[in-house]
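Worth saying up front: this structure is predicted, and the values here are computed from it rather than measured. Chain letters run A, B, ... following the sequence lines, proteins first and then strands; every chain starts at 1.
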Amino acid sequence: MYEDLLNQVFDRFLTGPRLFRDREVLRPDYVPKELPHREDQILHVGRILVPVLKGSRSSNIFLYGQTGTGKTAVIKFIIDRLTKKSQEIEAPVVACYINCRLTGTDYRVFSKLCEVVDINVPFTGLATNEVFDRFKVALDSKKILLIVVLDEIDFLVREQGDDLLYDLTRGNESLQSSKVSVVGISNDLQFKEHLDPRVLSSLSEEEVVFRPYTAIELGDILQARANLGFVSGTLTKGALNLCSALAATEHGDARRALDLLRVAGELAEREGKSKVIEEHVRSAQNKIEEDRITSTLKTLPLHSKLVLCSCYLIKQAGYDGVITGNVYEVYGELCRKIQLESLTQRRVSGLISELDIMGLLNASLINMGRYGRTKKIKLGIPEKVIREIFVKDEWLSTLLDYKPRCLCSLK
DNA sequence: CGTCCACAGGAATGACGGGCGG
DNA sequence: CCGCCCGTCATTCCTGTGGACG
């Protein structure tokens, strides 16, 4: 019986109108052949990097701009062309793209660099300096010009400090036959304040700023991708414009716009419709947000879930906008109930801040004068959503209807 | 006008499971 | 096997703080 239903799904998909020509071009990591409205940046960065083709080191560059403004696409685009050109003229140029958020630590960045120069290092166990030294030795023997692209570099600096950048930018001094150029990419300009002045000055020998796209520019970008990605005539102008308008209000984020477009298309396809209309875009916006919430909710560590659950119970009991101390009390009660060792208030305070950043809670600092300084905490997502996810959780399902005792003393 | 609440949030340190080279 | 280092998470200790209260 399931088989029949599933067959229906298959048939409907196969016989239904075809909307996508090529889904891949709508994915965020796709690098198109044309990057509309980024010609200036491409040329600018290209001119800075071009000396490597003639065997001299290029300046270090710092690229800055909000998410979805094309920084990554631009640099990948240039690296790709530059590598091709260097192979053509047999210039010893090697480029290496590293996303610092995915790579995570100094150690892992260095071990990735080691891969580039063909040496193997264990993925853990060695001193970071040791890995760097091995990298330098191998690099020097290779006689190449290495371009290291460090994407989302602010993340690495926040977590690890600027030691890596210091080592890397100063590495040239001890290199005989190879040279290193660093391209740093960040969407947070403030992070420069955390840098050692020496690192800062050598990293930002050149700076390129990426302005957010306007709604009109986003429209052009989407149109170009839609031509490749959708069967012509299936995407209405209205739907496309709505995507660009929505993404433009969110600091001109092209990634967001493309996501909206792709998901809207998928929704239309699932409904068996032959056209993507504005309604699909609106649904897509909701779906993206919902998916984001449910997936973060599911992958939360146990204690974070408990903290969130505490806030949920407080809200259920009719209180809105409690302070850290209240949440900690309820949390403590929950821990006792499931016989779990509770964390310290310091830690829970940190967890609350993390949940705030993820948007699952809204925590704002308030001063109550004589009565102290604390955070006022509210749920950031509907109670319904929390319940839906937590009833499937082995620890939390039993707690969802619990009435915290310590709330009685609250007014 | 000083006090003092109820925490915020930084820094240092520790425990832990993993892996190294020797 | 040892001594060392790794990243991660948590603890402990700490200093900082805006403004209502007395």
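- Rounded to whole Å, the distance from CG on A/Leu340 to C1' on C/dA10 is 14 Å.
- Using a 4.0 Å cut-off on heavy atoms, the residues of residues 350-364 of chain A that approach DNA chain B are A/Ser353, listed by number.
- Rounding to the nearest 0.5 angstrom, the gap separating the CD1 atom in A/Ile75 from the CG atom in A/Asp151 is 9.0 Å.
- Per the geometry, CG belonging to A/Leu343 stands 14 Å off C1' belonging to C/dT8, to the nearest Å.
- Scanning all heavy atoms of the two residues, the minimum distance from A/Leu300 to A/Lys305 falls at O-CE, 3.3 Å.
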Side chains of residues 281-288 of chain A: which donor-acceptor partners sit under 3.5 Å, not counting sequence neighbours?
residue	atom	partner	partner atom	Å
A/Ser283	OG	A/Glu279	O	2.9
A/Lys287	NZ	A/Asp291	OD2	2.9

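- For A/Thr344 and C/dT11, the shortest distance from a side-chain N or O to OP1 or OP2 is below 4.0 Å.
- Atom-to-atom distance recorded for A/Leu260:CG and A/Leu246:CG is 6.0 Å, nearest 0.5 angstrom.
- Applying the salt bridge (charged side-chain N to carboxylate O under 4.0 Å, His left out) rule to pairs touching residues 84-99 of chain A yields A/Asp80-A/Lys84, A/Lys85-A/Glu88, sequence neighbours excluded.
- Near DNA chain C, defined here as any heavy-atom distance below 4.0 Å, there are no residues from residues 306-313 of chain A.
- Taking only side-chain nitrogens and oxygens, A/Arg346 never comes nearer than 4.0 Å to OP1 or OP2 of C/dT11.
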Below 3.5 Å, can you tabulate the donor-acceptor pairs from side chains in residues 349-364 of chain A to any protein atom, sequence neighbours excluded?
residue	atom	partner	partner atom	Å
A/Ser353	OG	A/Ser349	O	3.2
A/Ser353	OG	A/Lys375	NZ	2.7
A/Asp356	OD1	A/Ala363	N	3.2

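- Checked against side chain to side chain donor-acceptor pair (under 3.5 Å), A/Arg256 has no partners two or more places apart in sequence or in another chain.
- Partners of A/Ser310 by side chain to side chain donor-acceptor pair (under 3.5 Å), not counting sequence neighbours: none found.
- Using a 4.0 Å heavy-atom distance criterion, A/Ile323 is classed as a sugar-phosphate-only contact.
- Contact check of residues 374-381 of chain A against DNA chain B (heavy atom, cut-off under 4.0 Å) returns A/Thr374, A/Lys375.
- For the residue pair A/Thr67/A/His251, the side-chain donor-acceptor check at 3.5 Å is satisfied.
- Other residues, nucleotides and ligands contribute at most 12 non-hydrogen atoms within 6.0 Å of the CZ atom of A/Arg211.
- When all heavy atoms of A/Pro404 and A/Leu313 are compared, the pair lying nearest together is CG-CB, 4.0 Å.
- Residue pairs meeting the side chain to side chain donor-acceptor pair (under 3.5 Å) criterion with at least one partner in residues 334-346 of chain A, sequence neighbours excluded, are absent.
- In this structure A/Thr374 satisfies the side-chain contact (heavy atoms from CB on, under 4.5 Å) test together with A/Ile323, A/Thr324, A/Ile366, A/Met368, sequence neighbours excluded.
- Across all non-hydrogen atoms, the minimal contact from A/Val149 to A/Ile185 is CG1-CD1, 3.9 Å.
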At under 4.0 Å between heavy atoms, how does the protein contact nucleotides 14-22 of chain C? Give one character per nucleotide, 5' to 3', with B, S or -.
---BBBBS-
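- Between A/Phe20 and A/Phe230, a ring centre-to-centre spacing shorter than 6.0 Å is recorded.
- Residue A/Ser349 places at least one side-chain N or O closer than 4.0 Å to OP1 or OP2 of B/dA8.
- If you take OH of A/Tyr328 and C1' of B/dA6, they are 14 Å apart, rounded to a whole angstrom.
- Atom CZ of A/Arg347 and atom C1' of B/dA8 are 15 Å apart (whole Å).
- Comparing the start and finish of the helix from B/dC1-C/dG22 to B/dG22-C/dC1, five pairs each, the helix axis swings through 30°, to the nearest 10 degrees.
- Within 6.0 Å of CZ in A/Arg387 there are more than 12 heavy atoms belonging to other residues, nucleotides or ligands.
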